[in-house]
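What follows is a short report on a single structure.
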Protein chains: 2
Amino acid sequence: MRKVISREEGIELLSREGEVSFKSQSLPLINALGKRAASQVKAPFDLPELPRSTRDGYAVNHLDLKGVSESMPAYLTLVGEIRIGELPNISISLGEAVKVFTGSYLPKGADAVVMDEFVEESHGIIQVYRSVASGENVLGKGEDWPKEMPILSFGEKITVGKVGLLAACGFDKVKVLEIKIGIASTGNEVLSPGVKLIPGKIYDVNSFTIYSLLKNWGADPWIYGVVPDDLSKLIQALEELLSESDIVVLSGGSSIGAHDYTKELFRRFGGQIIIEGINISPGRPTIAGWIKGKLVFGLPGHPVSSVVSARVFLIPTLEKILKVEGDNLLFLPLLVNLPSKLGIEEFVCASLNGRGVMPIWGKSGAIGRVARGGFLIRVPEDVEGYREGEVVEVWSI
Amino acid sequence: MRKVISREEGIELLSREGEVSFKSQSLPLINALGKRAASQVKAPFDLPELPRSTRDGYAVNHLDLKGVSESMPAYLTLVGEIRIGELPNISISLGEAVKVFTGSYLPKGADAVVMDEFVEESHGIIQVYRSVASGENVLGKGEDWPKEMPILSFGEKITVGKVGLLAACGFDKVKVLEIKIGIASTGNEVLSPGVKLIPGKIYDVNSFTIYSLLKNWGADPWIYGVVPDDLSKLIQALEELLSESDIVVLSGGSSIGAHDYTKELFRRFGGQIIIEGINISPGRPTIAGWIKGKLVFGLPGHPVSSVVSARVFLIPTLEKILKVEGDNLLFLPLLVNLPSKLGIEEFVCASLNGRGVMPIWGKSGAIGRVARGGFLIRVPEDVEGYREGEVVEVWSI
């Protein structure tokens, strides 16, 4: 058996070897939400294209209002109005103002807007009771998002805010990566949900948690189903999984026998095992390597082990391959003491609770711990537990 | 104009008046991810149904190993083996043990498992070098999730962990709420993304950000499109929106004129305006009420105002109607001083940055601020800003 390596080393090795390339497709903007961008997208024009008012008021040159106050108003000549959606075909000179609305473009010569509430208008003259700074109540040309600034980089997740920014720039479609990941569970004791329970058997959990994690991450996972511990059936399943996917994820019993099957599959397909065990708990018996140019993962069979390995190893490997940052980690105070073993990187099921994070105790087979929480506390290899109140690294599932 | 009320009061009023009922549909488990449960779902059986081993080892009665150590081993008779997926048809008496694997059921009479590494087996006798506690390395009957315990409650969001738990209980389908929310943007200056930009006009941002927020929340939003400021076209649009939706969300210019159109629509349809302005910034000019038994929201036109109003007012109203908790709020230290106005509840665009939260400065029309961050810092009405290092309430967008 190969040396068990650290999670970091494992991710490094897998993202360095071979080459994964993904297809892309153009999706309507709303369907791109949560997917991964297939290419860099830059702003095609300045947002806004010209300075706009952010208030209902009067566009002025701020120099005209220097030293103005309630007791010392300024008087300006109203030379027109620019409505929302109209081009700014008026210009002003010193001593002049133009009525504008929230969203109106500014006339040439104006550099600020004074709000309605500080102005009295009468017979083409406005009386202004307040000074303004240059740029006040104005969204400058390109101030929201400048022309040519990247909106999306390759592999980036398309968030609510990015959907909004893409719409603002007129995009109704966006090219996203199609990251096809085929998932199967192995084991004679495993049944697919929906079939009648046979006494002694258990339902497949891992296909569904791994699918959900990858879907939320922005990939296109699909579930092959349950494959019994039978080499010919495993070979047949893996052939279909490889032909229909860019990446294959098997999960199986963490027993020696189950691992032997996965290793035998690598041999039969002429693949190369790169990772055989990673120094994390739970999730240690994770295998990964290459078969026919495709990444193949063999995750542990225990439901919590497999979801942890997928979250902290498989997903960071995908992120490293795409050269993108992972999701925001949280740093939160622990609400109780958390013991842990030195020498292994631990991930402890947890929930957010008021102002801190609370471990969910229990055994690694218990999927209820993931269902109750949705977070993991990372305890690095060289840390022997944390005390209540210490700030710890928290990953969302 | 009605009194501007607090966000809390507004949510209370809207969730109290009238009655919203949603349809439901049965979805395959994987498609239910991220949706809202349409009914309570309880565990149909104990998980696990019988005690299971969480290790490869030997099932024993812990009493047999009392005081056992490396220098004082115990000798037990091996009476059989229970493989994974087999029913436990063996029972043991004191002095006996059964070989088990990770996931095997325990034989009757056993209450603990001693791991392989502490055992030597030879000619039907095992030599054990370690004592175990009752329940050690065993997942007890119902210890993961007991029979009848609710997995999902009505309106609850279906997470990765809950998908896993539903699978573990054999569910391949789940009933989810269909919360149809029709969205339209109004304004003569607004164009739909994808059409050629007409100078002076802007693209519709709000339909897309509101859609994305609601989709991520678990609703079924749809976008009607852009409606010009023309009463007959607005009436026609609202008729279609009402007939196809449970809830309608309009967003329009925050100018007085735009508001008049929304109010006129309430009058024309015999509706009732409940909220006219809420004491939040940005997002103050928010209108909401009932038309023909359906909730109708009129959100501000400014992109940031409208996304904030949707996130902190519309979504919490939905949550209150469903009687569900909101998403986890975060409490994180501020990385800089944050000034704010007394007397209004402010929501400041922000990003997570290392161990704290960082405001993103800028003007309320700038959707780039949402695109750059994805979080909001809440500053309550009675707080006049925060100092660097203070722990503040953070909402994700």
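Note that this is a predicted model, so its numbers are computed, not measured.
Ion pair A:Lys162/A:Glu156 flagged as a salt bridge, since at least one NZ, NE, NH1 or NH2 atom sits closer than 4.0 Å to an Asp/Glu carboxylate oxygen. Between B:Lys35 and B:Asp220 there is a salt bridge, with a side-chain nitrogen of the basic residue lying less than 4.0 Å from a carboxylate oxygen of the acidic one.
Between B:Pro300 and B:Asn206, the shortest heavy-atom distance links the atoms O-ND2, 3.6 Å. For the pair B:Pro44 and B:Phe171, the tightest heavy-atom approach, listed with the atom from each and the gap, is CD-CE1, 3.9 Å. When all heavy atoms are compared, the tightest approach of A:Arg355 to A:Pro333 is O-CG, 3.4 Å.
Atom CE of A:Met115 is separated from atom OG of A:Ser53 by 9.5 Å, given to the nearest 0.5 angstrom.
When heavy atoms are compared at a cutoff of 4.5 Å, B:Leu47 approaches chain A solely by way of its side chain, counted from C-beta outward. When heavy atoms are compared at a cutoff of 4.5 Å, A:Ile198 does not approach chain B at all. Heavy-atom distances place the side chain of B:Ile202, and not its backbone, under 4.5 Å from chain A. Of the atoms belonging to A:Glu49, it is side-chain heavy atoms, and not backbone ones, that fall under 4.5 Å from chain B. For A:Leu29, the part lying under 4.5 angstrom from a heavy atom of chain B is the side chain only. Only the side chain of A:Arg52 comes within less than 4.5 Å of a heavy atom of chain B; its backbone N, CA, C and O stay farther away. In this structure, chain A has a heavy atom under 4.5 Å from the side chain of B:Leu33, while its backbone stays farther away. Residue contact with chain B, scored on non-hydrogen atoms closer than 4.5 Å, is absent for A:Ile210. At a 4.5 Å heavy-atom cutoff, the contact between A:Leu332 and chain B is made by side-chain atoms alone. The part of A:Lys215 that comes within reach of chain B is its side chain, from C-beta onward, which places non-hydrogen atoms under 4.5 angstrom from that chain.
Geometrically, A:Lys99 engages A:Phe101 in a cation-pi contact, judged by NZ or CZ lying under 6.0 Å from the ring centre and within 45° of the ring axis.
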With salt bridge (Lys or Arg N to Asp or Glu O under 4.0 Å) as the criterion, how do B:Glu81 and B:Arg83 come out once you've worked through the C-alpha distance, each side chain's angles and the decisive distance to 0.1 Å?
CA-CA 6 Å; B:Glu81 176 180 282; B:Arg83 291 176 165 267; 3.0 Å; yes

With salt bridge (Lys or Arg N to Asp or Glu O under 4.0 Å) as the criterion, how do A:Asp46 and A:Lys147 come out once you've worked through the C-alpha distance, each side chain's angles and the decisive distance to 0.1 Å?
CA-CA 4 Å; A:Asp46 279 311; A:Lys147 184 175 175 173; over 6 Å; no

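Note: B:Leu87 leads B:Asp204, B:Leu87, B:Leu191 in heavy-atom pairs under 4.5 Å with chain A. Contacts with chain A were tallied for B:Thr209, B:Val160, B:Leu329; B:Val160 has the most, counting heavy-atom pairs under 4.5 Å. Counting heavy-atom pairs closer than 4.5 Å to chain B, the top residue among A:Gly356, A:Pro48, A:Gly170 is A:Gly170. Of the listed residues (A:Gly34, A:Pro88, A:Ala168, A:Pro193), the greatest number of heavy-atom pairs within a distance under 4.5 Å of chain B belongs to A:Pro193. Of the listed residues (B:Asn353, B:Asn137, B:Val138, B:Ile82), the one with the most heavy-atom contacts under 4.5 Å to chain A is B:Val138. Put simply, of B:Thr159, B:Leu197, B:Asn188, the one with the most heavy-atom pairs under 4.5 Å next to chain A is B:Leu197. The most heavy-atom pairs under 4.5 Å with chain A, out of B:Gly368, B:Ala371, B:Ser207, B:Gly194, come from B:Ala371.
With hydrogens and angles left out, the side-chain atoms of A:Thr102 and A:Asp56 include a donor and acceptor closer than 3.5 Å.
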